[in-house]
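In each ligand, atom 1 is the first atom listed, and ligand 1 is the first ligand listed.
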Amino acid sequence: MIAFNQPHLTGKEAHYMYEAVYAGKLSGNGKFTKRCQAWFEERYGFRKTLLTTSGTDALEMCAMLCDLQPGDEVIIPSYTFVSTALAFLREGAKVVFADSMKRNPNLDAEQLESLITPRTKVIVPVHYAGVACDMDAVMAVAKKHNLLVVEDAAQAIDSFYKGKPLGGIGHMAAFSFHETKNITAGGEGGLLVVNDERFVRRCEILWEKGTNRAEFFRGEVNKYGWVDMGSSFLPSEVNAAFLWAQLENLDEIQTKRRQLWEHYYERLAPLAKRGLFSLPDVPDYATNNAHMFYLVFPDYEKRTAFIKYLKENGVGAVFHYLSLHSSDFYCSRHDGRSLPECDRYADCLVRLPLFYDLTIEQVDYIVDTIEKLYAE
Ligand SMILES: *Cc1c(COP(=O)(O)O)cnc(C)c1O
């Protein structure tokens with residue numbers, strides 16, 4: 001069986017975790033945490049970064065930083081992971097779901113204007129499959145209506161929009177290091193990015209349980225105490241040490257993932273030409289970080305039969321999100337608009353195995369198997 005995903009070990013994880021354990025400081029904000037954060041700030045020019053225990057936590061911190069009042073509205077694509085919506089719902093916001101584009105699952109920026117009301121406060125573009133949303137369009141709408149932009153960059157490490165790193169365009173952003181992402185912090189992990197100076201001081205306070213502990217340890221204040229809301233969002237040094245081993249190898253990981261992705265693309269192109277399914281879309285303004293290789297089928301039945309066939313032939317292919325606007329939890333609160341593109345991706349999209357330790361031979365086996373299904 002070729003699994004859908006398999007977390008990759010670079011080889012140095014246990015070494016750095018051992019170092020963290022024997023350094024005698026296991027709690028968060030130690031040497032490895034600082035090293036990881038500095039790496040992101042230097043490599044991508046992010047103004048301020050903080051490691052978190054998950055991408056969900058980083059999104060929750062973003063939502064807290066937005067300082068929402070009850071009834072404030074947040075525009076979120078319906079085709080995303082629950083955490084994107086949950087983070088803002090927890091802050092009392094009303095979630096207004098946006099549809100996807102025809103060309104790819106990202107939020108359709110052309111429809112944004114029609115969703116804006118006097119209560120709109122935030123837009124949350126999700127860079128699906130690590131492929132950028134049309135950020136110029138999103139930022140223009142946000143600027144016009146004085147809204148905040150929170151990038152859900154959970155899948156978007158090392159990916160760019162017109163040369164700008166994803167996560168570095170909106171006011172703030174969240175990355176995930178869950179084991180299903182390109183790199184992991186040992187199973188669970190995330191990163192908050194703050195690009196707007198106004199949120200730099202507060203993010204550290206929220207991170208440290210509502211205290212100004214970090215400022216105290218830098219010698220900026222002479223006592224520390226409870227100054228704001230907050231929670232325990234910071235991961236232990238053991239997780240940061242694991243992540244450091246992966247960051248050191250990011251370029252190698254990305255090169256390999258891209259090779260596998262390109263190989264799928266080239267070999268599946270003839271079948272896509274026949275109209276059996278469509279291949280992933282990467283607009284000119286976006287780069288491909290090879291987070292995911294997906295196919296979009298003409299209908300639900302063909303997609304479902306395809307997944308079953310691959311499973312019978314030892315390949316773990318899986319569908320992805322169900323539309324959040326029609327979920328059991330939120331459907332009664334949704335305003336009733338239909339979101340046809342989102343529903344289409346929910347019904348027709350399938351993801352193929354893609355992970356560092358997958359081999360070109362395995363990709364060939366998967367494509368050969370698919371070719372057999374459609375041989376005349
Ligand atoms: C993975 C993911 C998340 C959540 O990240 P966790 O680290 O699992 O909490 C949020 N949004 C998107 C789009 C994701 O893919």
Sequence-distant partners of Phe97, ring pair (Phe, Tyr, Trp, His ring centres under 6.0 Å), two or more places apart: Tyr330
Ring pair (Phe, Tyr, Trp, His ring centres under 6.0 Å) partners of Phe177, counting only residues at least two apart: Phe40
Pocket residues of ligand 1, ordered first by chain and then by residue number (heavy-atom cut-off under 4.0 Å): Ser54, Gly55, Thr56, Leu59, Thr80, Phe81, Thr84, Val126, Asp152, Ala154, Gln155, Ser176, His178, Lys181, Gly189, Tyr321
Salt bridge flag under 4.0 Å for residues Lys25 and Glu237: no
Ring-face cation contact, Phe306 with Arg303, 6.0 Å cut, 45° max: no
Counterpart residues, ring pair (Phe, Tyr, Trp, His ring centres under 6.0 Å), relative to His171 (two or more places apart): none
Atom OH of Tyr374 with >12 non-hydrogen neighbours under 6.0 angstrom: yes
